[in-house]
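Computed from heavy atoms alone, side chains included, the values below leave out hydrogens, waters and symmetry copies. Counting convention: from 1, in listed order, for ligands and their atoms alike.
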Amino acid sequence: MEASAPEDETEILHVFDFPQIYTKPSAQALLNTLTLLTSAPPSWECSDSEQRLEKPAGRSKRRSRKVTKTAAVRVNPEGLARYLTQLIGCDFRWIDNDAVKEEIWEQASLRLSERSGRSAMPAISRSFGIPTPSALFDIVIHEPALTADNLGLKTWAASYLLAKRLHTLHLPQLGSATLDILELGAGTGLVGIAAAAVFGASVLLTDLPEIAPNLSRNVETNREAIESHNGSARTAVLDWSNPHVCQFYPDVEQGEVKSFSTKQAKQPDPFPVILAADSLYSPEHPRLLVQTIDCWLSLESNARVMVEFPLREAYTPELNNFRQCMAGIGLHMTEEGEEFGYDDWGWDGGEPTRGRGEVKCWWSVWRRKT
Ligand SMILES: C[S@@+](CC[C@H](N)C(=O)[O-])C[C@H]1O[C@@H](n2cnc3c(N)ncnc32)[C@H](O)[C@@H]1O
């Protein structure tokens, strides 16, 4: 396939322009096609056939790969998912190099996840129905167009599952006092907003500085609905690598900077409940997340941590490490389970189907050893 175009023009390719499996195309032709299908960030808009080391898009950023940049092309999406799926399912008997076959399968999988996932979509708002003890509570979540590594701008399967599971959680009995809940790595805020409504709780939703503006926006959008369930919610920046410091976002209120620290004398009471979803995707995350839990979890024996993480084979060491770290700070698991969710709802605009974008997740509840 020849996919060049004049510099000021963008050629539109159709699936039938690509090497078809029944023609037993060469590995090179397939790899060239898969390179062309890359959802290229602007930095890739460079001269023809420049080669450089780039990291794969999405969450599989562990290996660098060589990317050959060719002229800008646009691809008609019709039939593209089917084409990529065929490549993933093909045994390529006519190609005798196993490493090259692996590369084709990997590239096809990456292209599929880039294009079928949120990364290819513009900003959207969508609503999620979350069960509360009385009825379904509708939460409206805004997700900006994804940029770079900002995974927190998208709502992940584990958070929807955890939000729906909250009403089953047996909470610490606090008498008439309002329950304070901390969410770590809140992303778009689905879990924290749900918790505020489900429990009529006061929830602090936290994440990194670049995630806080959209998080805060979602809290504002849902404020009235939260308050109608006797809950309240605030946003703050809390970086697990500097776990003692937490700063409200927006940080200026009535002329005063609102920040607090577990080390300050006037620290807020620690939180009897901490929530986190899909927060383990690098080797240092278990230690960082757990040290943050250690900083902010109440010392009361009835304090609880509830987490939900996707079960992805590549992240098994992170999950095991998380369990060890939690035990290391004196927490033990009281309940756990597995369930299925979808990392992308509305696949191709329709209802998600089992097997498409499906993610198995693990949830667990932790408390202090007595
Ligand atoms: C995969 S996203 C999950 C977001 C949300 N919980 C969900 O499930 O939809 C992981 C979140 O953890 C946050 N995160 C990663 N490293 C962090 C750190 N060092 N401190 C605070 N948050 C962090 C990211 O910004 C992101 O929002």
Undergrad: Would Ser241 count as being in polar contact with ligand 1, using the rule that some N or O on each side must be under 3.5 angstrom apart?
TA: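 No, since none of the N or O atoms of Ser241 sits under 3.5 Å from an N or O of ligand 1.
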Undergrad: Does ligand 1 have any atom that is closer than 4.0 Å to a heavy atom of Lys154?
TA: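 It does; at least one heavy atom falls under 4.0 Å.
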Undergrad: Consider only side-chain heavy atoms of I, L, V, M, F, W and Y, link residues closer than 4.5 Å, and tell whether Leu289 and Leu311 are in one cluster.
TA: yes
Undergrad: Can an N or O of Trp156 be found at a distance shorter than 3.5 Å from an N or O of ligand 1?
TA: yes
Undergrad: Quick check: does Leu288 get an N/O under 3.5 Å from an N/O on ligand 1?
TA: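 No, no N or O pair falls under 3.5 Å.
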Undergrad: Pick from Thr292, Val237, Leu204, Asp239: which one makes a side-chain contact (heavy atoms from CB on, under 4.5 Å) with Cys246?
TA: Leu204
Undergrad: Do Val203 and Ile193 come close enough that some side-chain heavy atom pair is under 4.5 Å?
TA: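 In short, these two side chains do not touch, never coming nearer than 4.5 Å.
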Undergrad: For His285 and ligand 1, answer yes if some heavy atom of the residue is under 4.0 Å from a ligand atom, otherwise no.
TA: yes
Undergrad: Out of Gly185, Ser279, Ala157, whose heavy atom sits nearest atom 6 (N) of ligand 1?
TA: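 Nearest heavy atom to atom 6 (N) of ligand 1 lies in Gly185.
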Undergrad: Going by the closest heavy atom to atom 26 (C) of ligand 1, which one wins out of Asp207, Leu184, Leu215?
TA: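 Minimum heavy-atom distance to atom 26 (C) of ligand 1 goes to Asp207.
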Undergrad: Under 4.0 Å, counting heavy atoms only: does Leu238 come that close to any atom of ligand 1?
TA: yes
Undergrad: Evaluate salt bridge (Lys or Arg N to Asp or Glu O under 4.0 Å) for Arg223 paired with Glu220, printing each intermediate quantity in order.
TA: CA-CA 5 Å; Arg223 184 170 299 289; Glu220 287 313 314; 2.7 Å; yes
Undergrad: Do Ser159 and ligand 1 have an N or O pair less than 3.5 Å apart?
TA: yes
Undergrad: I want to check something: taking the side chain as every heavy atom from C-beta on, are Leu179 and Val273 in contact at a cut-off of under 4.5 Å?
TA: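 Answer yes - side chains close enough.
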Undergrad: Any N/O of Ala158 closer than 3.5 Å to an N/O of ligand 1?
TA: no
Undergrad: Do Leu331 and Phe309 share a hydrophobic cluster (ILVMFWY, side-chain heavy atoms under 4.5 Å, transitive)?
TA: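 Same cluster: Leu331 reaches Phe309 through Ile, Leu, Val, Met, Phe, Trp or Tyr contacts under 4.5 Å.
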Undergrad: If we check side-chain contact (heavy atoms from CB on, under 4.5 Å) with Ser109, which of these qualifies: Leu87, Leu84, Ile88?
TA: Ile88
Undergrad: Can you get from Phe18 to Trp105 by hopping between Ile, Leu, Val, Met, Phe, Trp and Tyr side chains that sit under 4.5 Å apart?
TA: yes
Undergrad: Check each heavy atom of Ala276 against ligand 1 and say whether those closer than 4.0 Å belong to the side chain, the backbone, both or neither.
TA: neither
Undergrad: Please state which option from Tyr281, Trp240, Tyr160, Phe309 has its nearest heavy atom closest to atom 23 (C) of ligand 1.
TA: Trp240
Undergrad: Which is it for Ile211 and ligand 1 at heavy atoms under 4.0 Å: side chain, backbone, both or neither?
TA: side chain
Undergrad: Could you tell me which atoms of ligand 1, counted from 1 in the order shown, lie closer than 4.0 angstrom to a heavy atom of Thr155?
TA: 9 (O)
Undergrad: Determine the sole option in Ile139, Asn222, Val140 for which the side-chain contact (heavy atoms from CB on, under 4.5 Å) test with Ser127 is passed.
TA: Val140
Undergrad: Got an N/O contact under 3.5 Å between Thr188 and ligand 1?
TA: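 The answer is no, given that Thr188 and ligand 1 share no N or O pair closer than 3.5 Å.
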Undergrad: Are Leu161 and Leu275 connected, step by step, through hydrophobic side chains (Ile, Leu, Val, Met, Phe, Trp, Tyr) whose heavy atoms are closer than 4.5 Å?
TA: no
